[in-house]
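Single-structure report; data block below.
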Protein chains: 2
Amino acid sequence: MQGPGVISSCNRKAWLRCCGGTPWAGSDPTAHNGGMPEQHPAINTREMVGSTVPQTISKATRNTRQRAEVLALLGEVDGFHTAQQLHRMLCDRDARVGLTTVYRTLQLLVEAGEIDSTRLPGGEQLFRQCSQSRHHHHLVCRSCGRTVEVAGPAVERWANQVAAEHGFTDVGHTLEIFGNCAACAAS
Amino acid sequence: MQGPGVISSCNRKAWLRCCGGTPWAGSDPTAHNGGMPEQHPAINTREMVGSTVPQTISKATRNTRQRAEVLALLGEVDGFHTAQQLHRMLCDRDARVGLTTVYRTLQLLVEAGEIDSTRLPGGEQLFRQCSQSRHHHHLVCRSCGRTVEVAGPAVERWANQVAAEHGFTDVGHTLEIFGNCAACAAS
DNA sequence: ATAGCTGCAAATCATTTGCACGAAT
DNA sequence: ATTCGTGCAAATGATTTGCAGCTAT
């Protein structure tokens with residue numbers, strides 16, 4: 001049943017089936033990383049910093065403890081995490097925030113443009129406090145989740161141009177690069 | 001609750017909530033297209049043809065009627081469709097194939113590399129018989145689903161280079177361009 | 001014959017929603 | 001005081017799986 005190690009969309013939900021680890025663990029059968037201990041928050045790098053992220057949700061009218069908790073956590077962890085993971089982390093630090101609230105807060109933040117969200121090839125939504133306000137993309141390590149924000153002005157231009165050539169307007173795009181980072185390759 | 005018309009990840013499952021239409025219908029609040037009649041298979045264009053798609057699933061050992069039906073349908077419709085949509089279409093043409101089988105066949109095809117699959121910003125998986133065997137990307141119309149396969153050698157190089165610069169190996173990437181096609185913009 | 005298929009029903013799983021209660025303004 | 005936020009439980013909806021029966025080979 002296990003498909004080849006390509007970046008295909010097979011093995012769908014299988015990734016998160018192991019609800020404890022990072023969503024990347026074991027995402028690629030060919031990866032060097034078999035299984036890391038549970039509750040191991042992904043170690044990430046942020047190479048293009050730029051602190052522009054406020055400590056309150058602009059759109060929000062009320063500042064509650066749980067929102068503060070979520071915001072605080074987002075400020076501490078780097079890299080992408082699923083709502084479930086973030087919730088688990090909150091539980092681990094006894095932050096007492098309901099899963100529902102985590103989802104709702106995350107959604108608010110995304111709408112407010114204060115956090116980034118992508119999707120795992122498997123379809124699960126990932127969230128990350130983004131340091132850049134401009135449009136950018138991510139280079140994500142398949143095994144540890146280490147993330148690098150990359151800007152690709154050339155790509156933006158190319159995408160817009162291609163779209164224009166075909167008569168498309170209101171163009172937007174999604175682009176993520178996956179790979180194994182040096183650290184993981186070395187280990 | 002409605003955010004701006006950007007390609008953000010809000011309004012998640014709301015898209016497919018209306019189980020009858022194409023997943024694109026109403027995907028963008030700012031789109032010109034309100035709601036098209038149900039069961040309206042997306043009209044698509046395929047600009048980079050190249051018939052390399054066999055009529056049998058290579059990996060499969062047995063050729064069953066239902067697989068043939070799925071393959072046939074895939075050969076007729078253009079553009080991306082969800083498994084559910086394809087199944088509905090099969091029902092409409094009295095092809096009598098179970099939803100489960102559609103899912104299983106589609107998965108087989110993806111694993112065999114005979115069809116393409118992407119995800120809607122909302123997370124649902126889309127399938128499309130791809131005409132190019134090489135790696136390529138898609139330019140998808142947000143309202144009608146019209147799809148153009150585009151090759152972006154420069155992007156491939158750029159992605160690989162960026163990844164390499166950061167020490168990443170086994171690089172892969174996903175890239176989709178969304179927009180409103182000329183036809184939809186005109187209507 | 002017989003290993004694969006198929007499809008129904010039931011199971012998963014992430015995410016959403018209804019609703020009554022608690023908290024921020 | 002109100003209105004908004006919270007969280008539990010239940011609902012949703014796409015996708016998967018168990019399993020008994022059917023069918024290509």
Of the listed nucleotides D:dG7, C:dT6, D:dT15, the one nearest the side chain of A:Arg104: D:dG7
hbond_proxy B:Arg96 side chain to C:dG7 base (donor-acceptor, 3.5 Å cutoff): no
Any A:Tyr103 side-chain N or O less than 4.0 Å from OP1/OP2 of C:dT16: no
Bending between helix ends of the helix from C:dA1-D:dT25 to C:dT25-D:dA1 [5 pairs per end, 10° resolution]: 30°
Any A:Gln107 side-chain N or O less than 4.0 Å from OP1/OP2 of C:dT15: no
Spacing of A:Leu90 atom CG relative to D:dT6 atom P, expressed in whole Å: 12 Å
Under the salt bridge (Lys or Arg N to Asp or Glu O under 4.0 Å) test, residues paired with A:Arg96 that sit two or more places apart: none
Rounded distance (Å) that lies between atom P of D:dT15 and atom CG of B:Leu106: 9 Å
With B:Ala83 via side chain to side chain contact (heavy atoms under 4.5 Å, CB included) - residues at least two apart: B:Val102, B:Tyr103, B:Leu106, B:Phe127
Atom-pair distance (CG on B:Leu108; C1' on C:dG4), nearest Å: 11 Å
Letter per nucleotide, 5' to 3', of nucleotides 20-25 of chain D [B base touched, S only sugar-phosphate touched, - untouched; heavy atoms, 4.0 Å]: ---BBS
Donor-acceptor under 3.5 Å (A:Arg65 side chain, A:Ala95 main chain): yes
Sequence-distant partners of B:His87, ring-ring contact (aromatic ring centres under 6.0 Å, His included), two or more places apart: none
Counterpart residues, side-chain hydrogen bond (donor to acceptor under 3.5 Å, both in side chains), relative to A:Arg93 (two or more places apart): A:Glu76
Which residues share a salt bridge (Lys or Arg N to Asp or Glu O under 4.0 Å) with A:Glu176, sequence neighbours left out: none
Heavy-atom closest pair, residues B:Ala163 and A:Ile177: CB-CG2, 4.4 Å
Interatomic distance where CG belongs to B:Leu71 and C1' belongs to C:dC5 [whole Å]: 15 Å
Rounded distance in Å - CZ (B:Arg119) to P (D:dA14): 13 Å
Between C1' of C:dA23 and CZ of A:Arg67, the distance in whole Å: 12 Å
Residues in side-chain hydrogen bond (donor to acceptor under 3.5 Å, both in side chains) contact with A:Arg157, at least two apart in sequence or another chain: none
Distance, rounded to the nearest Å, where A:Glu124 contributes CD and C:dT12 contributes P: 17 Å
Atom-pair distance (CG on B:Leu99; C1' on D:dT15), nearest Å: 8 Å
Closest to side chain of B:Val97, choosing from C:dG7, C:dT16, C:dT15: C:dG7
B:Thr100 vs C:dT6: side-chain N/O to OP1/OP2 distance below 4.0 Å: no
With sequence neighbours excluded, residues passing side-chain hydrogen bond (donor to acceptor under 3.5 Å, both in side chains) with B:Gln66: none
